[in-house]
Amino acid sequence: QLQLVESGGGLVQPGGSLKLSCTASGVTLDYFAIGWFRQAPGMDREGVACINRLDVDMYTESVKGRFTVSKDKAANTVFLVMNSLKPEDTGVYYCGAAGHCTATPTPGATMTPSNFGSWGQGTQVTVSS
C-alpha cells in the first residue's frame, strides 16, 4: 500500500525559498502521478503542481515560474522547490497520488483533490516577515 510523507516546510520571509519532499513507501512512484496541494485556514485544498508518470509537470497559474516539481526515482521521492515565496503561498502543503494529474486530458484542466489519494500528513509553510 502506498504511503506518502511530506517534509521540508517552515517559516520563511517573503522572497525566500523552500524545498519540500514527498517520500513514498510501499509502492514505487513510477505507477503514479504525484500532486502537490495546499490548504490555507478556512480555504479549500487547491492544486499547486503535479508530475505524472512520464515526468511531465504542470502548475497552477499563481506559481508558474516560481515553483518546480521534480522526481528522484532512486529515492522514490518527489520534490517541490518553491522560490520567490509570497505571503499568499502560506498553508499546509500535502502530496497525493493519482493515475493522472487531471481527470481529463483537455487543455486547461486542473488538479482536483478528489482524484488523489494516499495523502500524507502535510507540512506547514508560512511566508511572513
Side-chain angles (χ1 to χ4, degrees):
Q1 183 177 355
L2 177 65
Q3 293 184 312
L4 301 175
V5 177
E6 305 93 337
S7 62
L11 172 64
V12 63
Q13 292 186 339
S17 299
L18 282 174
K19 182 178 182 178
L20 306 184
S21 299
C22 172
T23 301
S25 61
V27 182
T28 176
L29 288 178
D30 290 349
Y31 300 127
F32 299 96
I34 298 297
W36 282 100
F37 292 75
R38 65 188 177 194
Q39 190 164 19
M43 304 293 286
D44 291 336
R45 192 169 297 191
E46 65 166 341
V48 174
C50 187
I51 186 165
N52 69 11
R53 290 174 286 181
L54 300 178
D55 293 343
V56 176
D57 54 2
M58 64 174 292
Y59 303 90
T60 193
E61 194 63 37
S62 64
V63 308
K64 284 182 180 177
R66 300 189 296 124
F67 290 13
T68 303
V69 60
S70 63
K71 186 188 301 180
D72 183 337
K73 295 184 179 182
N76 218 25
T77 298
V78 171
F79 301 103
L80 183 68
V81 174
M82 306 185 295
N83 296 319
S84 302
L85 282 161
K86 304 176 181 180
E88 52 264 43
D89 295 317
T90 294
V92 180
Y93 282 67
Y94 301 89
C95 60
H100 304 277
C101 287
T102 58
T104 63
T106 54
T110 58
M111 294 169 276
T112 304
S114 60
N115 290 335
F116 288 75
S118 300
W119 296 102
Q121 82 291 346
T123 186
Q124 176 71 45
V125 172
T126 303
V127 185
S128 175
S129 55

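Computed from heavy atoms alone, side chains included, the values below leave out hydrogens, waters and symmetry copies. Computed from a prediction, not measured in an experiment: that's the story for all the values here.
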Practice item. Mark yes when over 12 heavy atoms from residues, nucleotides or ligands other than Glu61 sit less than 6.0 Å from its CD; otherwise mark no. Key: no
Point to revise | Shortest non-hydrogen separation from Phe116 to Met111 and the atoms involved | key: CE1-CB, 4.4 Å
**Study point:** Asp72: partners by side-chain hydrogen bond (donor to acceptor under 3.5 Å, both in side chains), with sequence neighbours left out
**Key:** none
Review point. Got a second to check how far Leu20's CG is from Tyr94's OH, nearest 0.5 Å?
Key: 13.0 Å
Exercise for review: Would you kindly confirm whether Phe79 and Val63 end up in one hydrophobic cluster when ILVMFWY residues are joined by side chain heavy atoms under 4.5 Å apart?
Suggested key: no
Exercise for review: Only pairs at least two apart or in different chains count here, so list each side chain to side chain donor-acceptor pair (under 3.5 Å) that has a residue in residues 5-22.
Suggested key: Ser17-Asn83
Practice item. Count the heavy atoms of every other residue, nucleotide or ligand shown that sit under 6.0 Å from CD of Gln3, and state whether that count exceeds 12. Key: no
Review point. Could you state the interatomic distance from OG (Ser62) to NZ (Lys86), rounded to the nearest 0.5 Å?
Key: 7.5 Å
Review point. Can you tell me how far the SG atom of Cys95 sits from the CZ atom of Arg38, to the nearest 0.5 Å?
Key: 15.5 Å
**Study point:** Minimum side-chain heavy-atom gap Thr28-Asn76 below 4.5 Å
**Key:** yes
Point to revise | From Leu80 atom CG to Ile34 atom CD1, the distance as rounded to the nearest 0.5 Å | key: 12.5 Å
Exercise for review: Hey, can you tell me if Trp119 and Phe37 have their rings parallel, tilted or perpendicular (30° and 60° cut-offs)?
Suggested key: perpendicular
Practice item. Verify, without hydrogens or angle tests, whether Arg53 (side chain) and His100 (backbone) share a donor-acceptor contact under 3.5 angstrom. Key: no
Practice item. Would you indicate whether Asp55, at its atom CG, is surrounded by more than 12 heavy atoms from other residues, nucleotides or ligands within a distance under 6.0 Å? Key: yes
Review point. Quick one: does Thr60's side chain get under 4.5 Å of Thr110's, heavy atoms only?
Key: no
**Study point:** Smallest separation among heavy atoms of Gln124 and Thr90, with atom names
**Key:** NE2-CG2, 4.1 Å
Review point. Looking at side-chain heavy atoms only, is the closest gap between Met58 and Thr102 below 4.5 Å?
Key: yes
Check your understanding: Roughly how far apart are Ser128 OG and Asp89 CG, rounded to 0.5 Å?
Key -> 12.5 Å
Point to revise | side-chain hydrogen bond (donor to acceptor under 3.5 Å, both in side chains) involving Thr77 - partner list, sequence neighbours excluded | key: Thr23
Study note, to complete from the structure: Rounded to the nearest 0.5 angstrom, the CG-OG distance for Leu4 and Ser118 is 5.5 Å
